[in-house]
Amino acid sequence: MTPAELAEAVLAAAHAVFADRGLDRSALPEQTTVERPRNPEHGDYAATLALQLSKKVGVPPRELAGDLAAQLASTPGIKSVEIAGPGFLNIRLDAAAAGQLARTIVAAGAEYGRGDLLAGLKINLEFVSANPTGPVHIGGVRWAAVGDALSRLLRATGADVGTEYYFNDAGSQIDRFARSLLAAAKGEPAPEDGYGGAYIAEIAAQVTARRPEVLSLDDAAAQEVFRVEGVELMFTEIKSSLRDFGVEFDTYFNEKDLHDRGELEHALTRLREQGHVFDADGATWLRTTDFGDDKDRVLRKSNGEWTYFAADCAYYLDKRERGFDRVVIMLGADHHGYIGRMKAMAACFGDDPAQSLEILIGQLVNLVRDGAPVRMSKRAGTVITLEDLVDAIGVDAARYALARYSSDSPIDIDIELWTRATRDNPVYYVQYVAARTASVGRNAAEVGLTRGEADAFRPELLDHDKENELLKALAEFPAVVAAAAELREPHRVARYLEDLAGAYHRFYDNCRILPRGDEEVTDLHRARLWLNDATRVVIANGLYLLGVSAPERM
RNA sequence: GCGCCCGUAGCUCAGCGGAUAGAGCAGGGGACUUCUAAUCCCAAGGCCGCAGGUUCGAAUCCUGCCGGGCGCACCA
């Protein structure tokens, strides 16, 4: 029996009780849940439905709980129901009903944990979107890990997801980049407002190798060559380092295309139609204060140039016109000031921003060695890059470390910790379970132990404390996936995996799976192998959601 | 000044209104002729920043304050 099935049974019992007592059944919720209590004395699962309903229907909670308990007691699979405290229902399952879950999980395989919570929702998920003026820096890497994990989570809960990287290839940053390349190619010092770092010289050298005639052009023409070629080289490099990191996007969107296709004019027209555009001081403005922004925003400057914000508007409209119900954008904490204007902009288009636009803010990341932040990159100068991080701790540890913390908290990634092969390194702790379960599987095959036919599985034999705890942990996975997707919090999956890993290690320590020496293979060995294999499935499914490998051996 | 985020064990952090607030690390004590000890077990460690409010019930929701981080362009 799964927690979801148990929750349904609780709700069904409530319906029966309400019918018996002649209570108003419209007071009952559509769905309820059961909790996994920390304290084992509180049963396998606890239901708080009686506490929640008592006031609504004017029946004391313990009385209501008593009726529910009486109803539930006769449900197949439930061993006992106790009333505790103010009106908790503490429920214990039969070992057989609990143990069946192992078979359910093994049968479901990669499907276990997936659901349809967000089915029918078309979501555009934009993250990283670093300017092609340098390698991806560590702030962008956080979103590469979290955003990619989130896209996997949203898909696992049924959403139709398009991931997107906004390639900012227009504007003054790119001009600075081009000027820096040109200066480097000519052996001059970097311009005052330009980019430094060894990569500038590398890219400049690649451009001159590809286009040797460039140095004989005048500066304006040469700079244009460096702009076009440099951006392309940089972007190729960014894509390739993200691919090595396990992250690929469905769409790489060029800002330049918005301009070339006249989408800014199109957006301006739409906004004018909605009545939120005005002209002042020679510039064209969007009255975002109509929707709570603290000041109005310029769309087109008095010199005729578009602002970056105008491109944001056009890009948002473009996504909506491509059929996305919800536009999700992941930004660093230094961009949180954008939320107000972005939400207001969506409202200016006539959308309800609460439905159509979600902006997720992530705090900053530091790489730490010997207690002090690493500030300089060998190649990029003042910023730490994706490569620096991967060189320091590897892809799996990097993705796990970035995804295991709430995006609301700043993180320090300690190089020494994340390369350690011990319990205190969470990624090793979790991956070790993947390797252990696989190893048990190999050894089982060697001694002739198999799970056997599914109908020979005897789940009631899984009645050891540690088996029960492991089964309960395995049962939680679908609810964790759903919550993580709904709250956009992939770190919940990582924390869950650590919890599950602990439950497995304790099971392994207390419950011998394989027969020793010349022992006969028994049904208990087989039942435990089902549990071992179910754990391997859930660990692998969970690590997949984080984009981390589930090794067969370590 | 205004806005956003944070404040939980010595340290790093979990905890989308539930019971006696959890985990890892550090420090103390144990378990290796092992199905992978990259593991497990025991003990110890707390005005959940402060003060009010809502609630049967608040670390969690609301208000105010204190402390820390970040941001407030016709920049990109």
Side-chain angles (χ1 to χ4, degrees), chain A residues 35 37-39 41-42 46-48 51-52 54-55 60-61 84-88 90 131 133 168 170-176 255 280-285 294-312 332-340 361-364 404-412 414 417 420-426 428-429 431-433 435-444 446-447 449 466 483-484 486-487 489 491-492 494-496 498-499 501-502 504-516 525 528-529 532 553-554:
Chain A
E35 294 163 26
R38 187 55 70 181
N39 186 339
E41 285 173 24
H42 295 149
T48 57
L51 287 163
Q52 288 156 20
S54 87
K55 193 162 191 193
F88 292 101
N90 293 340
N131 286 349
T133 52
N168 190 300
S172 64
Q173 303 278 7
I174 297 293
D175 292 339
R176 284 170 49 196
E255 180 189 357
D281 309 325
T284 306
W285 299 66
D294 49 6
K295 60 190 75 161
D296 293 324
R297 306 290 169 175
V298 171
L299 292 167
R300 182 141 54 180
K301 305 181 211 174
S302 50
N303 67 6
E305 284 176 20
W306 295 101
T307 60
Y308 188 87
F309 179 64
D312 285 341
D334 51 341
H335 287 75
H336 79 254
Y338 285 32
I339 297 176
I361 296 298
Q363 300 298 317
L364 305 178
R404 110 177 257 268
Y405 300 91
S406 160
S407 296
D408 285 339
S409 58
I411 45 182
D412 289 336
D414 185 311
L417 170 68
R420 217 181 280 169
T422 58
R423 172 74 177 90
D424 27 324
N425 179 348
Y428 276 88
Y429 187 67
Q431 286 187 313
Y432 185 52
V433 173
R436 243 188 181 178
T437 52
S439 167
V440 169
R442 286 190 299 270
N443 294 339
E446 209 160 287
V447 301
L449 170 63
K466 304 300 180 194
E486 195 171 22
L487 297 168
E489 293 184 347
H491 76 272
R492 286 169 184 274
R495 301 295 176 150
Y496 163 78
E498 290 164 32
D499 186 56
Y504 176 80
H505 287 310
R506 287 187 286 275
F507 156 72
Y508 179 92
D509 230 56
N510 284 273
C511 303
R512 177 84 194 182
I513 301 165
L514 303 182
R516 292 174 195 273
H525 295 130
R528 285 177 171 168
L529 188 60
N532 179 78
R553 295 170 203 272
M554 285 172 74

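What's counted below: heavy atoms across the whole structure, side chains too, no hydrogens, waters or symmetry copies. Naming: A, B, ... by sequence-line order, numbering from 1 per chain.
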In whole angstrom, give the distance that lies between atom [atom1] of [X] and atom [atom2] of [N].
X	N	atom1	atom2	answer
A/E489	B/rG15	CD	C1'	11 Å
A/Y308	B/rC72	OH	P	14 Å
A/N510	B/rC40	CG	P	11 Å
A/H505	B/rC35	NE2	P	17 Å
A/D408	B/rC70	CG	P	16 Å
A/Q431	B/rU39	CD	C1'	16 Å
A/H336	B/rC70	NE2	P	11 Å
A/F507	B/rU39	CZ	P	18 Å

Between [Y] and [X], is there a side-chain heavy-atom distance shorter than 4.5 Å?
X	Y	result
A/W285	A/L299	no
A/K466	A/Y504	no
A/R176	A/T133	no
A/L487	A/R492	yes
A/Y508	A/V433	no
A/Y428	A/T422	no

Which value, in whole Å, describes the distance between the [atom1] atoms of nucleotides [N] and [M]?
N	M	atom1	answer
B/rA58	B/rG18	P	11 Å
B/rG64	B/rG57	C1'	24 Å
B/rC50	B/rG68	C1'	15 Å
B/rU8	B/rA23	C1'	13 Å
B/rC6	B/rA43	P	34 Å
B/rC65	B/rC4	P	13 Å
B/rG46	B/rA59	C1'	12 Å
B/rC61	B/rC32	P	47 Å

Hey, does [X] reach any base, or is it just sugar-phosphate, or nothing, if we go heavy atoms under 4.0 Å?
X	answer
A/N303	nothing
A/A501	nothing
A/H42	base
A/A333	sugar-phosphate
A/P410	sugar-phosphate
A/D175	nothing
A/G85	nothing
A/Y508	base
A/A444	nothing

Minimal non-hydrogen separation, [X] against [Y], with atom names:
X	Y	answer
A/Q363	A/D408	CG-O, 2.9 Å
A/S406	A/H491	CA-ND1, 3.5 Å
A/L514	A/V440	CD2-O, 4.1 Å
A/A501	A/Y429	CB-CE2, 3.6 Å

Which one, [options], comes nearest to the side chain of [X]?
X	options	answer
A/L51	B/rC70, B/rC5, B/rC56	B/rC56
A/N443	B/rC40, B/rC35, B/rG15	B/rC35
A/L514	B/rC16, B/rG71, B/rC35	B/rC35
A/A46	B/rA19, B/rC40, B/rC35	B/rA19
A/S409	B/rC13, B/rC41, B/rC56	B/rC13
A/D281	B/rC74, B/rA19, B/rC35	B/rC74
A/D294	B/rG18, B/rC72, B/rC75	B/rC72
A/H491	B/rA14, B/rC74, B/rC5	B/rA14
A/K295	B/rG18, B/rC72, B/rU39	B/rC72
A/S406	B/rC35, B/rA19, B/rA14	B/rA14

Indicate yes or no for a side-chain donor-acceptor contact from A/T307 to the backbone of A/R300 under 3.5 Å, with no hydrogens or angles considered.
no
A/S439 vs A/K301, nearer the 5' end of RNA chain B by closest nucleotide:
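In this pair, the answer is A/S439.
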Let me spell it out: for each of A/R516 and A/I339, pick the nucleotide of RNA chain B with the closest heavy atom. Which residue's pick is nearer the 5' end?
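Result: A/I339.
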Hey, does the Lys NZ or Arg CZ of A/R495 hover above the aromatic six-ring of A/Y405, less than 6.0 Å from the centre and inside 45° of the axis?
yes
Readout for nucleotides 23-33 of chain B: B = base within 4.0 Å of protein heavy atom, S = sugar-phosphate only, - = neither; 5' to 3' it is -SS--------
Distance criterion of 3.5 Å, no angle test: do you see the side chain of A/S302 paired donor-to-acceptor with the base of B/rC74?
yes
What I want to check is whether an N or O donor and acceptor connect the side chain of A/N39 with the base of B/rA21 at under 3.5 Å.
no
Kindly state whether the pair A/F88 / B/rA19 counts as stacked, where counting means centroids closer than 5.5 Å and planes tilted less than 30° apart.
yes
Would you give the length of the straight line joining atom CG of A/L417 to atom CG of A/D412, rounded to the nearest 0.5 angstrom?
11.5 Å
It should be established whether A/Y429 places a side-chain nitrogen or oxygen under 4.0 Å from OP1 or OP2 of nucleotide B/rC40.
yes
Please tell me if A/R492 has a side-chain N or O lying less than 4.0 Å from either OP1 or OP2 of B/rC16.
yes
Consecutive-pair stems (at least three Watson-Crick or G-U pairs, under 3.5 Å) that include RNA chain B
B:1-7 with B:66-72, B:10-13 with B:22-25, B:28-31 with B:39-42, B:49-53 with B:61-65
Answer yes or no: does atom CZ of A/R516 have more than 12 heavy-atom neighbours from other residues, nucleotides or ligands under 6.0 Å?
no
